[in-house]
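Any value given below was found using the heavy atoms of this structure, including those in side chains, with hydrogens, waters and symmetry copies removed.
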Amino acid sequence: MKKTTAFSIAMAMTAISASASDVVLDVWTARIGAKIPATMYGIFFEDINYGADGGLYAEMIKNRSFEFPQNLQGWRVLGDIKVMEDGPFFRNPHYVRMIPSGHRDKATAIENEGFFGVSFEKGKKYRFSIWARVPDGGPDKIRVELCDPASDIDWTDMARAQITIDSGEWKKYTVTLEPSHTAENGVVRLFLDRDSKHPVDVEHVSLFPVDTWNGHENGMRRDLAQALADLKPGVFRFSGGCIVEGTTETDRYQWKNTVGPVENRPLNRNRWEDCFTNRLAADYYQSRGLGFYDYFLLAEEIGAAPLPVLNVGMVCQYQNNPEDHTPLDSLESYIQDALDLVEFANGDVSTKWGALRAEMGHPAPFGLKYMAVGNEQWGPEYVKHLAPFVKAIRKQHPEIKIIGSSGPGVDDDKFNYLWPEMARLGVDLVDEHYYRDEDWFLGNATRYDSYSRKNPKVFAGEYACHPKGNKRNLYKGALSEAAFMTGLERNADIVNMCTYAPLFANVNGWQWRPDLIWFDNFNTMLTDSYEIQRLYSLYKGTDVIPVTMNGKPAAGKEGQHGIYASGVCDSNADSYIVKVASRPLERL
């Protein structure tokens, strides 16, 4: 086998079709084609379905800085509580003043409901922190408790700690809580000491599990981040998606508001707030505690190339008119945001944004190589908006590969218009999105066999099979995705990366399905689609090689790139791992 140019595999097809006869696959190991890029299989994160706050981001307190439009949303209050707005963090100016009742039998307290409950487990440790002061000089005391109102267990037996506020200036105080019982729908309570003589001001009330991903203090849920790491993704696209666009210019995603001290990152209204199918989403905001620094760090830790998506000066086109977009002569700040992001990710520590990265804990550059500008935009207005970005990035950072959009469809007028325009602008990759049924995925396993090899490369940036009549995670849908992905890998010379979407969904609050990973406050539930993604990512080929079936191309047409399959090729190997094209799968 080592010295031959091909080897044959006899495959009994009776398991696929009772009428099918035996076939012979010839794998032509000496005819090595395109390399399979390391970025071929990746992940895409967007804060949809409570994917960030209440999900991957491990913060357990909702509205921790009292910045929701209803400042005490997510909180219950007891006694004399006043919302103030001259706090220490100029982007988050609100805080709460807790005023003593003056009587030992009257309490002053606030209670937080968390995200679908404050869920804590017996024996695990939780880090509670708070910024506080005694404006009259103090000192004074507050008490924090983890409680389960539905339990018959004495709340004093759960977890509690007393904190002495010893300054008239704002300071951060931290204690560790270790509950003696498990609660799924618990709460966090903060009491002013009954003997208090002074008001106490509190701001940025926070609770994290100590055991976060890699132990980061402002960290991610270990189980959810581990599920991403287990995929061994080659690329990590963030942070959207439609939230990059925003419903309006004001609530678009701005990366500069997501870096620096977490206490001073301003709240943002979530683009998906009004799109829930199973609950009112009036409390769906972005704390931005999970920001661009955190995304870059996660990408590095799981071995994925970071791929940020930036706003191109356009709001969501489904929800707005052309006149709602930023005028072409007012794009300077948007373009500067893109250039500054490269500096933040890769710049020397002597630069403004490189210094901030170092201050946040990462002096070494993150090695940014890719940047997407715009998400699912379409039409001449997108092309006109994108052109000055391409020009500026090419001039200052020619090493950055630019990704443009082909719109929301896969074969409509928007798509057909944009591909030639993206080639004309000279982008490096074009982002295609597919949310179709199983027949489409099976029928498009050979989609890229006939794509021109002279155009930009393809990035399958969002895809998922939506089974007919029932948009759920089904085995048949996952199998259809597998057939399609075989075609992606077989055409690795033109398709360089792909990412399933959406990534996460909270079972208690979701807007969209199917999704790759479902979760609640305690559990992670991996889908069939997840297992397909992991299978392909862990066992992707190294090279594209030709495969014939009974002497004819196994996929595609003679003379096209579709005659290739992907394999792990080594001239000294005794065997080969081969993923063959999806013709047989179409019979399932």
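Counting only distance, with no hydrogens or angles, the side chain of E489 and the backbone of G541 share a donor-acceptor pair below 3.5 Å. No donor-acceptor distance shorter than 3.5 angstrom exists from the side chain of E245 to the backbone of G374, with no hydrogens or angles considered. Judged purely by atom type and a 3.5 angstrom limit, T326 has no side-chain atom pairing as donor or acceptor with the backbone of L331. Using modelled atom types, one side-chain atom of S406 and one backbone atom of D431 make a donor-acceptor pair closer than 3.5 Å. Listed for the N506 side chain is a donor-acceptor partner under 3.5 Å among the backbone atoms of G54. Looking only at distances, a side-chain donor or acceptor of S537 sits under 3.5 Å from a matching main-chain atom of L231. Checked by atom type and distance alone, the side chain of Q377 pairs as donor or acceptor with a backbone atom of N375 at under 3.5 Å. Between the D324 side chain and the N320 main chain, no donor and acceptor come within less than 3.5 Å of each other. A donor-acceptor pair under 3.5 Å is formed between the side chain of D294 and the backbone N or O of G291. In terms of modelled atom types and a separation under 3.5 Å, the side chain of N270 and the main chain of W272 share a donor-acceptor contact.
For the pair N523 and V507, the minimum side-chain heavy-atom distance is 4.5 Å or more. Counting heavy atoms from C-beta outward, D53 and L290 have side chains that stay 4.5 Å or more apart. Two residues are said to be in side-chain contact when any heavy atoms from C-beta on lie closer than 4.5 Å; P456 and L429 fail this criterion. The closest side-chain heavy-atom distance from L526 to I517 is below 4.5 Å. You'll find the side chain of W518 reaches within 4.5 Å of the side chain of T527, heavy atoms only. Residues I393 and M371 form a side-chain contact, since some pair of their non-hydrogen atoms from C-beta on lies under 4.5 Å apart.
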Kindly determine whether W512 and Y435 satisfy ring-ring contact (aromatic ring centres under 6.0 Å, His included), including the steps that lead there.
CA-CA 12 Å; W512 185 291; Y435 296 111; 5.2 Å; yes
How far apart are the C-alpha atoms of E332 and Y334, what are their side-chain angles, what is the distance that settles it, and do they pass the side-chain hydrogen bond (donor to acceptor under 3.5 Å, both in side chains) test?
CA-CA 5 Å; E332 182 178 352; Y334 289 79; over 6 Å; no
Between M422 and Y382, does a side chain to side chain contact (heavy atoms under 4.5 Å, CB included) hold up when you go through it step by step?
CA-CA 10 Å; M422 294 299 101; Y382 172 55; 3.8 Å; yes
Show your reasoning for whether side-chain hydrogen bond (donor to acceptor under 3.5 Å, both in side chains) applies to Q319 and R271.
CA-CA 11 Å; Q319 297 176 295; R271 156 68 176 76; 3.2 Å; yes
Dump the intermediate steps for side-chain hydrogen bond (donor to acceptor under 3.5 Å, both in side chains) on Y57 and S287, then the final yes or no.
CA-CA 10 Å; Y57 186 47; S287 71; 5.1 Å; no
Would you check, one step at a time, whether the test side chain to side chain contact (heavy atoms under 4.5 Å, CB included) holds for Q317 with E376?
CA-CA 9 Å; Q317 288 176 269; E376 278 193 2; over 6 Å; no
Under the salt bridge (Lys or Arg N to Asp or Glu O under 4.0 Å) criterion, do D437 and K476 qualify, and how do the steps go?
CA-CA 10 Å; D437 62 29; K476 186 177 182 181; over 6 Å; no
Between V427 and I403, is a side chain to side chain contact (heavy atoms under 4.5 Å, CB included) present by the stated rule, with each step listed?
CA-CA 6 Å; V427 303; I403 300 174; over 6 Å; no
Candidate pair R453 and N491, rule side-chain hydrogen bond (donor to acceptor under 3.5 Å, both in side chains), full reasoning:
CA-CA 10 Å; R453 267 50 189 175; N491 287 280; 2.7 Å; yes
Decide yes or no on side chain to side chain contact (heavy atoms under 4.5 Å, CB included) for I48 and F504, but give the supporting numbers first.
CA-CA 8 Å; I48 185 174; F504 287 120; over 6 Å; no
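Y285 does not carry R269 over the face of its six-membered ring by the limits of under 6.0 Å from the centre and within 45° of the normal.
F519 and W510 have their aromatic ring centers separated by at least 6.0 angstrom. Ring centroid separation for the pair Y500 and Y530 does not come in under the 6.0 Å cut-off. Between Y448 and Y451, the ring centre distance stays below 6.0 Å. Proximity of the aromatic rings of F484 and W440 is defined here by a centroid distance below 6.0 angstrom, and this criterion is met. In this structure, F459 has its ring center no closer than 6.0 Å to that of Y370.
Under the salt bridge (Lys or Arg N to Asp or Glu O under 4.0 Å) criterion, D515 pairs with no residue, sequence neighbours left out. Annotation: side-chain contact (heavy atoms from CB on, under 4.5 Å) contacts of T248 (sequence neighbours excluded): T250, D251. A478 is linked by a side-chain contact (heavy atoms from CB on, under 4.5 Å) to E481, D528, S529, I532, counting only residues two or more places apart in sequence or in another chain.
Around CD of E531, the count of heavy atoms belonging to other residues, nucleotides or ligands within 6.0 Å exceeds 12. Within 6.0 Å of NZ on K256 lie more than 12 heavy atoms contributed by other residues, nucleotides or ligands. Taking a 6.0 Å sphere around NZ of K457, one finds it holds more than 12 heavy atoms contributed by other residues, nucleotides or ligands. In the displayed structure, D439 atom CG is contacted under 6.0 Å by more than 12 heavy atoms of other residues, nucleotides or ligands.
Relative ring orientation between F116 and Y50 is described as perpendicular, the plane-to-plane angle rising above 60° on a 0-90° scale split at 30° and 60°. Relative orientation of the F45 and Y295 rings is tilted, given thresholds of 30° and 60° on the angle between their planes. Taking the six-membered ring where tryptophan is involved, the planes of F344 and Y293 are perpendicular, since the angle between them exceeds 60° and thus also 30°.
Among the candidates Y417, W419, Y318, the single residue satisfying the ring-ring contact (aromatic ring centres under 6.0 Å, His included) test with W378 is Y318. Evaluated for a ring-ring contact (aromatic ring centres under 6.0 Å, His included) with W255, the options W353, F238, F296 yield exactly one hit, W353. Applying the side chain to side chain contact (heavy atoms under 4.5 Å, CB included) test between F236 and each of L298, L228, T39 identifies L298 as the sole match.
Between E462 and R237, at least one side-chain nitrogen of the basic residue sits less than 4.0 Å from a carboxylate oxygen of the acidic one, meeting the salt-bridge criterion. Salt-bridge annotation for E381 and K384: absent, with no side-chain N of the basic residue lying under 4.0 Å from a carboxylate O of the acidic one. With salt bridges taken as basic N to acidic carboxylate O contacts below 4.0 Å, one links R436 and D411. Under 4.0 Å is where a charged nitrogen must lie from a carboxylate oxygen, and between E399 and R394 no such pair does.
The two residues Y284 and G51 make their nearest non-hydrogen contact at OH-N, 3.8 Å. The two residues F441 and C465 have their closest heavy-atom pair at CE1-CA, 3.4 Å. Of all non-hydrogen atoms in V373 and I402, the two that sit nearest each other are CG2-CG2, 4.5 Å.
If you take NZ on K232 and CD1 on I43, they are separated by 12.5 Å, rounding to the nearest 0.5 Å.
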